[in-house]
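Because the structure is a prediction, the values reported are computed rather than measured.
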Amino acid sequence: MNMTSHDIIKRPIITEQSMEQVADKKYTFEVAKSANKIQIKKAVEEIFKVKVQSVTTINYMGKTKRMGVHVGKRADWKKAVVKLTADSKTIELFEN
């Protein structure tokens, strides 16, 4: 299975906590569950033209949700926190 960079990086995660980390050049993304740290690093470097120092990943289990008697489950997903090198440019997507 061959995934492109845009398949690996699904969307940026913009929360209060993730925006505080932008000052330390740490950016948070939702990524493909099957992607590993090396693939995530290459994808971020290719898409945003930056230098990545490290990647931290977190797997989330989908929550169980109820609608009356019907019980369903949200999809499992994966989050990646990408730290850029000190001399790398920033990712404009997160500015402002």
Looking only at non-hydrogen atoms, find the nearest pair between [X] and [Y] and report the distance.
X: Met3; Y: Ile8; result: CE-CG1, 3.7 Å
X: Trp77; Y: Glu30; result: CE3-CG, 3.9 Å
X: Ser5; Y: Ala43; result: OG-CA, 3.6 Å
X: Val31; Y: Ile9; result: CG1-CD1, 4.0 Å
X: Thr90; Y: Lys25; result: CG2-CE, 4.2 Å

Under 3.5 Å, is there a donor-acceptor pair between the side chain of [X] and the main chain of [Y]?
X: Lys49; Y: Glu46; value: yes
X: Gln39; Y: Asn36; value: yes
X: Asp24; Y: Gln21; value: no

Within the structure provided, determine whether [X] and [Y] are in side-chain contact (heavy-atom separation under 4.5 Å).
X: Val50; Y: Tyr27; answer: no
X: Lys78; Y: Ile58; answer: no
X: Lys79; Y: Thr57; answer: no
X: Val82; Y: Lys26; answer: no
X: Leu84; Y: Ile91; answer: yes

Distance-only criterion, 3.5 Å: show the donor-acceptor pairs between side-chain atoms of residues 65-75 and protein atoms not counting sequence neighbours.
unit_1: Arg66; atom_1: NH2; unit_2: Gly68; atom_2: O; d: 3.3
unit_1: Lys73; atom_1: NZ; unit_2: Asp76; atom_2: OD1; d: 2.7

Spacing of NZ belonging to Lys10 relative to NZ belonging to Lys33, to within rounding of 0.5 Å: 9.0 Å
Using a 6.0 Å cut-off, check whether atom NZ of Lys42 has over 12 heavy atoms from anything other than its own residue. no
Using the salt bridge (Lys or Arg N to Asp or Glu O under 4.0 Å) rule, take Asp87 and Lys51 through it: C-alpha gap first, then chi angles, then the decisive distance, then the call. CA-CA 8 Å; Asp87 61 342; Lys51 291 180 189 164; 3.5 Å; yes
Set out, in order, the CA-CA distance, both residues' side-chain angles and the distance that settles side-chain hydrogen bond (donor to acceptor under 3.5 Å, both in side chains) for Thr85 and Gln53, then state yes or no. CA-CA 5 Å; Thr85 59; Gln53 180 179 323; over 6 Å; no
